[in-house]
Each structure stands twice: as structure tokens, then as C-alpha cells.
There are 2 protein chains.
Amino acid sequence: MPRAGLNRATVVATGAALADEVGLANLTMGSLAQRVGVRTPSLYKHVGGQGDLNRRIATLALTELADAVGSAVQGCAGRDALAAAARAFRTFVLEHPGRYAATLGLEPSGPDDPMALGSRRLLDAFTAVLRGYDLDVSDVDHALRMLRSLCHGFATLQGANGFQWSADIDESFEWLIAFADRGLRTL
Amino acid sequence: MPRAGLNRATVVATGAALADEVGLANLTMGSLAQRVGVRTPSLYKHVGGQGDLNRRIATLALTELADAVGSAVQGCAGRDALAAAARAFRTFVLEHPGRYAATLGLEPSGPDDPMALGSRRLLDAFTAVLRGYDLDVSDVDHALRMLRSLCHGFATLQGANGFQWSADIDESFEWLIAFADRGLRTL
DNA sequence: AGCTTGTAGCTAACGCCATTAACCAAGGGG
DNA sequence: CCCCTTGGTTAATGGCGTTAGCTACAAGCT
């Protein structure tokens with residue numbers, strides 16, 4: 001029959017898009033096959049299986065996220081950089097919940113795993129933000145983990161509808177950025 | 001044949017324990033049935049299905065978590081209360097990852113949903129912590145979300161092995177508590 | 001051009017999982 | 001003592017991921 005002209009990159013990208021639409025848990029090999037116009041087993045010619053697909057989506061997501069945060073930070077420093085990074089992070093998670101969910105709970109296989117590379121680039125972007133505050137070296141790792149926890153926690157809780165009560169969520173996020181900025185400046 | 005003497009509570013409790021052991025995603029009706037010593041379809045006499053089971057595990061988890069945080073906070077105030085609440089939260093999530101995972105991404109069906117009740121009690125415990133800092137009323141909701149994001153983010157990232165690099169994780173968590181305390185005291 | 005060969009697609013089949021239907025026995029309340 | 005609620009059973013269905021084995025497209029060599 002006519003070749004569909006698929007390749008690994010399109011399969012992974014379509015899978016990521018589908019995961020964003022229907023949720024990672026509902027990303028099924030059948031639905032992905034249908035989306036790319038092929039029968040289910042054909043996907044295995046491009047991808048090792050669901051685990052492998054998930055891993056590749058995670059790698060894509062981490063790369064994109066690192067790009068987004070990295071370029072948002074360009075040209076800012078201090079509080080502006082912090083706000084830009086945090087907003088870019090949250091925007092990405094809310095716009096691409098499936099991709100982001102794929103990145104959680106995976107261990108990098110080795111140091112040259114492209115996933116670990118994306119992870120490191122993301123970390124570097126946040127490290128650059130912290131360079132705008134003159135922290136003691138012993139504080140940098142902790143501050144990094146604090147920022148990551150804040151961004152990850154807020155974004156995933158919002159994505160999971162974890163904030164039920166009244167106050168405006170965007171306002172809370174800006175408040176949170178201001179809080180972190182104040183804390184970092186007075187260390 | 002001989003009755004196994006099951007009831008809803010034991011099924012849910014065993015399901016929660018199993019989810020903690022093998023991960024919520026690997027909690028299967030078959031494995032749970034085996035654990036309680038019964039054939040799979042028998043579970044449906046006690047529980048509506050996998051979704052219902054998940055919901056009941058989440059309710060149990062939220063109740064336990066609210067109890068843990070609530071009693072940890074008893075008799076402390078200010079920084080001590082904050083530290084006690086945060087530690088209790090993280091300990092619970094790390095010791096019961098399956099239960100906690102079940103609580104995410106669920107919408108309470110109604111205002112008298114027992115799950116919403118547990119959720120509210122947990123919220124109340126954190127609100128009590130904040131009462132030790134004299135915040136402007138307009139800040140309370142934002143501060144609450146900040147604390148929830150911090151605790152949730154840190155605990156889930158640690159549980160997912162999201163902290164790869166070197167620094168000591170417990171030390172980071174204590175640093176983070178101190179950071180939040182300082183920020184809250186200087187609002 | 002024609003043959004070859006690698007490979008992207010297909011169908012068929014298997015096993016696991018959740019769920020439902022239909023049946024059966026245990027055991028307490030009249 | 002009987003009955004009928006109820007907690008257990010086996011059998012069957014449908015959806016999923018995955019593998020095996022086949023087919024036919026298309027590129028490359030002669």
C-alpha cells in the first residue's frame with residue numbers, strides 16, 4: 001500500500017501533541033496510529049514501544065522547555081530574569097501538560113542520554129537566573145531546588161485543578177515570584 | 001467457598017498499601033485481588049471499579065495527610081509550626097507515594113464529598129500555620145498557595161528522583177523551610 | 001532497464017487488564 | 001427450618017500493547 005512517509009521524529013512529535021490534547025495517560029498506541037494515518041503495529045517500526053515513546057516525548061519536552069526558559073531569560077537579570085523564567089516555565093507546562101507529564105518519574109540512563117542533556121540545559125537556565133543575585137556558593141544548589149519546586153509545584157497543581165478556592169491564580173503566581181525575589185535578595 | 005470476610009475499608013486500605021509499594025500506575029485490580037486473597041471480579045462487590053477505588057484511596061490519603069499535618073502543628077507556632085507542617089507533609093508523601101499520587105488530578109464531585117472534606121482539613125492546617133505570621137488578609141491565599149506549591153513540588157520532585165545532583169536533599173528542605181519562614185516574617 | 005534488497009506497511013495472533021453477566025453457597029432473620 | 005441477602009465463583013467481552021510473519025514499495029547496483 002502507499003507509504004505514509006513516517007519517521008521517528010514525526011511519530012514522537014505527533015505523540016507529544018496528542019498527549020497534550022488528551023492527557024498522557026490517554027495517549028494510546030492506537031490513537032497515535034490513527035492520528036498519523038497508519039495501523040498500530042506500524043508504529044513499532046519507528047519507536048520501540050510505549051516506554052520508548054514516552055522517553056522520547058520527555059526528551060523533546062525537556063529540550064523545548066530549556067529553550068523556552070533559556071530564551072526568556074536572555075537579556076534580563078535579577079528580578080526580571082526570575083519572573084521571565086518562572087512565567088516561561090508555567091506557560092510551557094500549562095500549554096503542554098502531556099509533554100511535561102512525560103518528563104516526570106524518569107531516570108536518565110547515562111550521562112550522554114539526550115534527556116539528561118535537556119535536563120542540564122534547563123538547570124543551567126535557572127542557574128543563570130540565580131547569577132543575578134549574589135548568593136553564597138553554598139546557597140546556590142538549595143535555591144535552585146527551591147525555584148524548581150516552586151515552579152513545578154505551582155504549575156502541576158494548577159494543571160491538576162489543585163487550586164479550588166477563589167483568589168485569582170495569575171495574581172498568586174506573580175505574588176509568588178515577588179516572594180521568591182525578595183527572599184533571594186535578602187540572603 | 002469460605003467467605004474471605006472482606007469489606008470496603010479493607011479493600012481500599014490494602015489498595016492504598018499496594019499502591020505505595022508498586023506505584024499507583026502499577027496498581028492493578030488483579031494484583032489487589034491476589035493481595036486480599038480473592039478473584040478479581042469479587043472486588044467489584046466492594047468497590048465500583050478502578051476509578052472509584054482511586055477516589056477512595058485519595059480520600060483516605062487526604063484524611064491521613066490532614067491528620068498528620070494537623071497533629072504535627074499542635075502546640076507550635078510561627079517557624080516551628082511551619083517546619084513541623086512541611087516536614088509532616090514531605091514525610092507522608094515520601095512514605096506513601098501511591099496514596100498521594102491518587103489525590104492528584106481529581107475534582108471533588110460536590111461540597112459534601114468526603115474527599116473535599118479532607119482537602120479542606122489539610123488546607124485548614126496550613127492556614128493555622130500562617131496565623132503565626134501576621135499577614136495582611138489579602139496575602140493569606142497567595143501564601144497558602146505558595147506553601148502548597150513548595151511542599152508539593154519538593155516532595156514530588158524528590159519522589160520522582162527529580163533532584164539528581166549532589167547536595168544533600170534533607171539539607172535543601174530545611175533551607176527551604178528557613179527561606180519560606182524568613183519571607184513570611186518580612187511581608 | 002531489470003534484479004535485488006532493505007524496510008515501511010499490513011494482518012493475525014497472544015496475553016494482560018477492566019468489566020459485566022450469570023451462577024452458587026454461606027449464614028443470619030423470619 | 002427455610003429463605004434471601006450477600007460475598008464469593010467461573011465465563012465471556014472488549015480494549016490495550018506487543019510480536020511474528022507476510023507483502024510490496026522504492027532505492028541502488030549492474
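Small disclaimer: the values here were computed from a predicted structure and weren't measured.
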Quiz item: To the nearest angstrom, how far is A/Lys45 atom NZ from D/dA20 atom C1'?
Solution: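 Those two atoms, NZ and C1', are 10 Å apart.
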Quiz item: Could you give the CZ-to-P distance, from B/Arg8 to D/dG8, as a whole number of Å?
Solution: 13 Å
Exercise. Determine whether the aromatic ring centres of A/Tyr100 and A/His96 lie less than 6.0 Å apart.
Key: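 When the ring centroids of A/Tyr100 and A/His96 are compared, they turn out to be at least 6.0 Å apart.
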For [Y], does its backbone N or O pair with a side-chain atom of [X] as donor and acceptor, under 3.5 Å?
| X | Y | result |
| --- | --- | --- |
| B/Thr103 | B/Arg99 | no |
| B/Asn161 | A/Glu107 | no |
| A/Asp181 | A/Ile177 | no |

Check the side chains of [Y] and [X] for a donor-acceptor pair under 3.5 angstrom, ignoring hydrogens and angles.
| X | Y | answer |
| --- | --- | --- |
| B/Thr10 | B/Asn7 | yes |
| A/Ser172 | B/Arg145 | yes |
| B/Arg39 | B/Gln34 | no |

Self-check item: Members of residues 51-59 of chain A that approach DNA chain D, where some heavy atom sits under 4.0 Å away
Solution: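 Heavy-atom cutoff 4.0 Å gives no residues at all.
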Quiz item: OP1 or OP2 of D/dT6 sitting under 4.0 Å from any side-chain N/O of B/His46?
Solution: no
Quiz item: Any idea how A/Phe154 and A/Phe173 line up, ring-wise: parallel (<30°), tilted (30 to 60°), or perpendicular (>60°)?
Solution: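 The rings of A/Phe154 and A/Phe173 sit tilted, inter-plane angle from 30° to 60°.
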Quiz item: Between residues 19-44 of chain A and DNA chain C, which residues have a heavy-atom gap below 4.0 Å?
Solution: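 Going residue by residue through residues 19-44 of chain A, the ones with a heavy atom under 4.0 Å of DNA chain C turn out to be A/Val38, A/Arg39, A/Pro41, A/Ser42.
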